Amino acid sequence: MKDNGRIDPWSSEQSTDYEKIINQFGLESVDSSVMPNPGILHRRGIVFAHRDLDVILDSINSGKNFGTLTGLMPSGKMHLGHSMVIDQVKWFQDQGADITVAVADLEALATRGTSLKEGRKTAIEEYIHNYAALGLNPESTNVYFQSSRPVVQKLGFNLGRKTNLSEFEAIYGFNGQTNLAHVQAPLVQVGDILHPQLEEYGGLRPIVVPVGIDQDPHLRLTRGIAGKTNWFNIKPRKAGGLVITLSIQEENSRIFGILENGRIDREKRKSIFDSIESELIDLGFSDISTNQKHGTLDIPGATTSDKFPIRMRLLRIERNLGGMGLIPPCSTYHRFVVGMTGSKMSSSKPETTIFMDEDLEVMEKKVKRAFSGGQSTVEEHRRLGGDTTKDVAFQYLQYFFEKDDDYLNDIKRDYESGKLLAGEIKQICIDGASEWLQDLEEKRIQWSDRLEEFLSPDSF
Ligand code: TRP
């Protein structure tokens, strides 16, 4: 985030003032104690914020369908930092999500000049191969390419009607010099994020998108656009309960009974309200009052927890009437892991990260050179202890290599008390990383001729 308070998804600079980001962009904090089987990234506070995750948790708890979407930029090599999103995707898959993976080959072409052919090769051989090794199950995973799924581009194009250049300026800081391919990329991403809700890609269900905070601008854009397409709004009612209002738009004004002369076709209006009422009755509400002329329906007895089930019914009605019926995407955000040198992790600076296929000796050298939270002499270290908030070895154990919370806490305690030395914690990290890398290597070999199982039919 720059001083102007924006997050730039294409910049290599990212703010790590997470508290400020949560407040500024209206994110909610993750509470892993309310999650079923929280994973290590949840338990350790690495996945720190979300939008509408309760909708997904509710789907998990009640066994309803939901999906997870992730996207990858097919350029460069996959490294540790990239694996965090995949750990989350796998977690959602384990909780019952179907998985869609967008290969952002058009975005890579637009923003990095990567050819589609090159992008495809990198995506499959580097990224999908490692996703398989990290444990994604091909049975419920569908990988597609932006360039070969026209409906994604069409959706982005169509939904472009619900935004404008001023909004792009506000969200992304675009200006008169901005390349137009760059302006298109976010709309394609809107298409990526929303299209799994289309009938032919799984239909109406909530979709969660786990991302690093750098991608939040795209989620804000997508959520705003999805909300604007909705034909019905649900809001808290002043006197308590909820109120449903019709959102009259060009696409639906006829259907909502607005006549050429501006008057209202009462029969048509009534049939809309009848269908809403019957859904509400089916949900168990009996106290319902309508003002059909104004296009409002009051449910005094409804609470905020009724909002989502009601919204699902309204979206279904909207779809039956010919609307898109889109749910704004849910999202989760993870902290960025520090680079090995103590600054940012980046695939263009190999010394800052560990690649998924890193040679063990190279890894060992990198860890030994990594930024340490230890004191400069052994005596001082014994006296003052190490700083786990700065220590790369500790953080990599915490983010990636040590799955056992109790053991991790022992390491933390011993390091902070000075019992464990900087060289010793590095050795623990090296051992963990070796095991992790070797396991990945084995799994990659197992999957190497089965990667097609992950690809959707339109990607051949
Ligand atoms: N823009 C993402 C990146 O730079 C890639 C991406 C494309 C993506 N579509 C997506 C990420 C949808 C999440 C969801 O890495």
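Keep in mind the model is a prediction, meaning the values are calculated, not measured. Heavy atoms only: backbone and side chains are in, while hydrogens, waters and symmetry mates are out. Start at 1 and go down the list; that is how both ligands and their atoms are numbered. Numbers here are sequence positions counted from 1.
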**Study point:** Nearest-neighbour protein heavy atom for atom 3 (C) of ligand 1, which is reported as residue plus atom name and distance
**Key:** Q215 NE2, 3.7 Å

Have a look at [options] and point out the one with the heavy atom closest to [atom].
atom	options	answer
atom 5 (C) of ligand 1	H218, E107, H82, Q146	E107
atom 14 (C) of ligand 1	V211, L69, D214, V103	L69
atom 11 (C) of ligand 1	G191, S75, A102, G71	G71

Revision key, fill the gap. Any heavy atom of V188 under 4.0 Å from ligand 1? The part involved is neither

**Study point:** Ligand-residue contact atoms, ligand 1 with M73, heavy atoms, under 4.0 Å
**Key:**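 Those of ligand 1 that fall under 4.0 Å from M73 are 4 (O), 15 (O).
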
Is any NZ, NE, NH1 or NH2 atom of the basic residue among [X] and [Y] found under 4.0 Å from an Asp or Glu carboxylate oxygen of the other?
X	Y	result
E126	K121	no
K90	D87	no
K368	E364	yes

Check your understanding: Looking at Y172, is R6 sitting on its ring face, NZ or CZ under 6.0 Å from the six-membered ring centre and within 45 degrees of the normal?
Key ->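 Not flagged: R6 not positioned over aromatic ring of Y172.
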
Review point. Ligand 1 and D192, any nitrogen or oxygen pair closer than 3.5 angstrom?
Key: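 Yes, since at least one N or O of D192 sits under 3.5 Å from an N or O of ligand 1.
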
Check your understanding: Is there a nitrogen or oxygen of Q189 sitting under 3.5 Å from a nitrogen or oxygen of ligand 1?
Key ->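 Yes, since at least one N or O of Q189 sits under 3.5 Å from an N or O of ligand 1.
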
Point to revise | Residue from L69, I207, L155 passing side-chain contact (heavy atoms from CB on, under 4.5 Å) with Q197 | key: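 So, applying the side-chain contact (heavy atoms from CB on, under 4.5 Å) to Q197 and each of L69, I207, L155, only I207 qualifies.
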
Review point. Do side-chain atoms of R319 reach the backbone of G325 as a donor and acceptor pair under 3.5 angstrom?
Key: yes

